[in-house]
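So the structure is just underneath, and the comments pick up after that.
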Amino acid sequence: MNNLGKRIKARREELGLTQQEIAEKVGIKQQSYQAIESGETKKPRNLYELSIALKCDLAWLLSGKEKEINNVEMIKIISHQVPLISYVQAGIWREICEIKDSTGFDYVMTSLELSEKAFALEIKGDSMEPEFKEGDIIIVDPIVKPMPGEFVVAINGDAEATFKKYREIGYDNFERMQFELVPLNPDYTTLSSLKQDIKLIGTMVEHRIFRRKR
């Protein structure tokens, strides 16, 4: 067991929680958490979520050193679980989000104040490179109305959702705002609500980039 694993285990036992309970708070399987605690996983990508689940400082989790605090009141971190869903599930999210607590999703932790309909997606493909790489995680809130230049998840009649940049192109004769969904990779085609039946699902409110090997 490495020092990180020892600190994680000691803090979990201090809180009186089981490995399964922490794993559920982080949004991973119990076996994955056990590998972190035992030191088998030396560089876990869930350190932020672990610090929230264990109610401890991230710097202490990494180094074991406490920050010096003089006349400073500790801030309580409020965390929320957001279900990590597939692109197919995102396409029908409005129909299934009401029963999300009983469908066995993995979860992502966030400190953002979001609606109960918020969800997370793992980026697939290269249509949004170079800013968004495959494997990145985005958090989306269907309640947030997109502004021009923001990123959205939408569906255009297919079974799967798509993730693109939102660009307004003006009102139509019925005073409805028309828009385009623009890929950042020029090899892909821009979608237009004037030509396709596109429904916006939600607006990206957080983007998580994980360490990549060069």
Side-chain angles (χ1 to χ4, degrees), residues 26-29 32 41 43-49 81-97 100 103 105-112 114-115 117-214:
V26 174
I28 59 177
K29 295 180 180 179
S32 299
T41 301
K43 296 180 179 179
R45 72 177 193 176
N46 312 92
L47 285 175
Y48 172 73
E49 289 84 357
Q81 288 185 332
V82 179
L84 179 63
I85 67 176
S86 70
Y87 277 69
V88 173
Q89 290 169 327
I92 57 172
W93 187 239
R94 293 177 182 175
E95 287 75 22
I96 65 175
C97 67
K100 64 184 179 183
T103 51
F105 294 112
D106 288 332
Y107 286 87
V108 173
M109 302 296 290
T110 179
S111 59
L112 295 177
L114 303 174
S115 75
K117 299 183 185 221
F119 61 88
L121 279 180
E122 180 177 340
I123 297 295
K124 296 188 181 302
D126 61 353
S127 68
M128 294 299 281
E129 289 190 358
E131 186 167 344
F132 298 89
K133 302 283 189 179
E134 189 165 43
D136 288 358
I137 298 292
I138 59 169
I139 296 178
V140 177
D141 195 338
I143 301 301
V144 177
K145 182 179 178 180
M147 300 295 291
E150 292 189 316
F151 299 95
V152 299
V153 173
I155 186 168
N156 65 346
D158 297 328
E160 293 191 12
T162 184
F163 174 61
K164 297 290 184 290
K165 185 176 181 179
Y166 175 78
R167 182 166 64 195
E168 294 181 350
I169 54 179
Y171 290 97
D172 62 14
N173 293 334
F174 300 97
E175 296 187 353
R176 297 174 300 190
M177 176 58 70
Q178 300 301 312
F179 57 89
E180 293 179 332
L181 299 182
V182 185
L184 300 184
N185 185 337
D187 290 337
Y188 289 81
T189 304
T190 295
L191 304 176
S192 172
S193 62
L194 291 173
K195 301 177 181 178
Q196 293 137 313
D197 180 20
I198 304 174
K199 295 180 181 178
L200 296 177
I201 297 174
T203 304
M204 186 194 79
V205 293
E206 184 175 340
H207 174 207
R208 295 190 183 175
I209 303 172
F210 301 102
R211 179 178 180 271
R212 304 188 181 100
K213 294 182 180 179
R214 295 185 179 274

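Annotation: K164, atom NZ; neighbour count of heavy atoms from other residues, nucleotides and ligands within 6.0 Å is above 12.
Side-chain atoms of F163 and L121, non-hydrogen and from C-beta on, never get closer than 4.5 Å to each other. Between E168 and Q178, the closest side-chain pair of non-hydrogen atoms is not below 4.5 Å. When side chains are defined from C-beta on, F151 counts as touching M128, because their heavy atoms get closer than 4.5 Å. Residues T162 and N156 fail the side-chain proximity criterion, which asks for heavy atoms closer than 4.5 Å. Between Y87 and V153, the closest side-chain pair of non-hydrogen atoms is not below 4.5 Å. The shortest side-chain heavy-atom distance between V82 and L114 falls under the 4.5 Å cut-off.
Between A120 and V108, the shortest heavy-atom distance links the atoms CB-CG2, 4.0 Å. Taking all atoms of both residues into account, the shortest heavy-atom contact from Q81 to M109 is CG-SD, 3.5 Å. Nearest heavy atom pair, residue M147 against residue E150, reads N-OE1, 2.8 Å. A pairwise comparison of heavy atoms in V152 and P146 identifies CG1-CB, 3.5 Å as the closest pair. Closest non-hydrogen pair, A90 versus I201, comes out as O-CD1, 3.2 Å. Counting all heavy atoms, side chain and backbone alike, K117 lies closest to I143 at CD-CD1, 4.2 Å.
Taking OG from S192 and CZ from R167, the interatomic distance works out to 9.5 Å, rounded to the nearest 0.5 Å. To the nearest 0.5 angstrom, D136 atom CG is 3.5 Å from H207 atom NE2. Once rounded to the nearest 0.5 Å, the distance linking CG of D106 with NZ of K29 reads 7.0 Å. To the nearest 0.5 angstrom, I155 atom CD1 is 12.0 Å from L181 atom CG. Between the CD1 atom in I123 and the CZ atom in F132 there is a gap of 6.5 Å [rounded to 0.5 Å]. Going from atom CE of M204 over to atom CD1 of I138 covers 7.0 Å, rounded to the nearest 0.5 Å.
Salt bridge annotation for R208-E49: present, with a cationic side-chain nitrogen under 4.0 angstrom from a carboxylate oxygen.
Of the possible donor and acceptor atoms, one in the side chain of D141 sits under 3.5 Å from a partner among the backbone N and O of S115. Here the side chain of E134 pairs a donor or acceptor atom with the backbone of G125 at under 3.5 angstrom. Between the side chain of S127 and the backbone N or O of P183, no donor-acceptor pair lies under 3.5 Å.
Note on ring orientation: taking the six-membered ring where Trp is involved, the planes of Y166 and F179 are tilted (angle from 30° to 60°).
Using modelled atom types, one finds a donor on one side chain and an acceptor on the other under 3.5 Å when comparing Y48 with S111.
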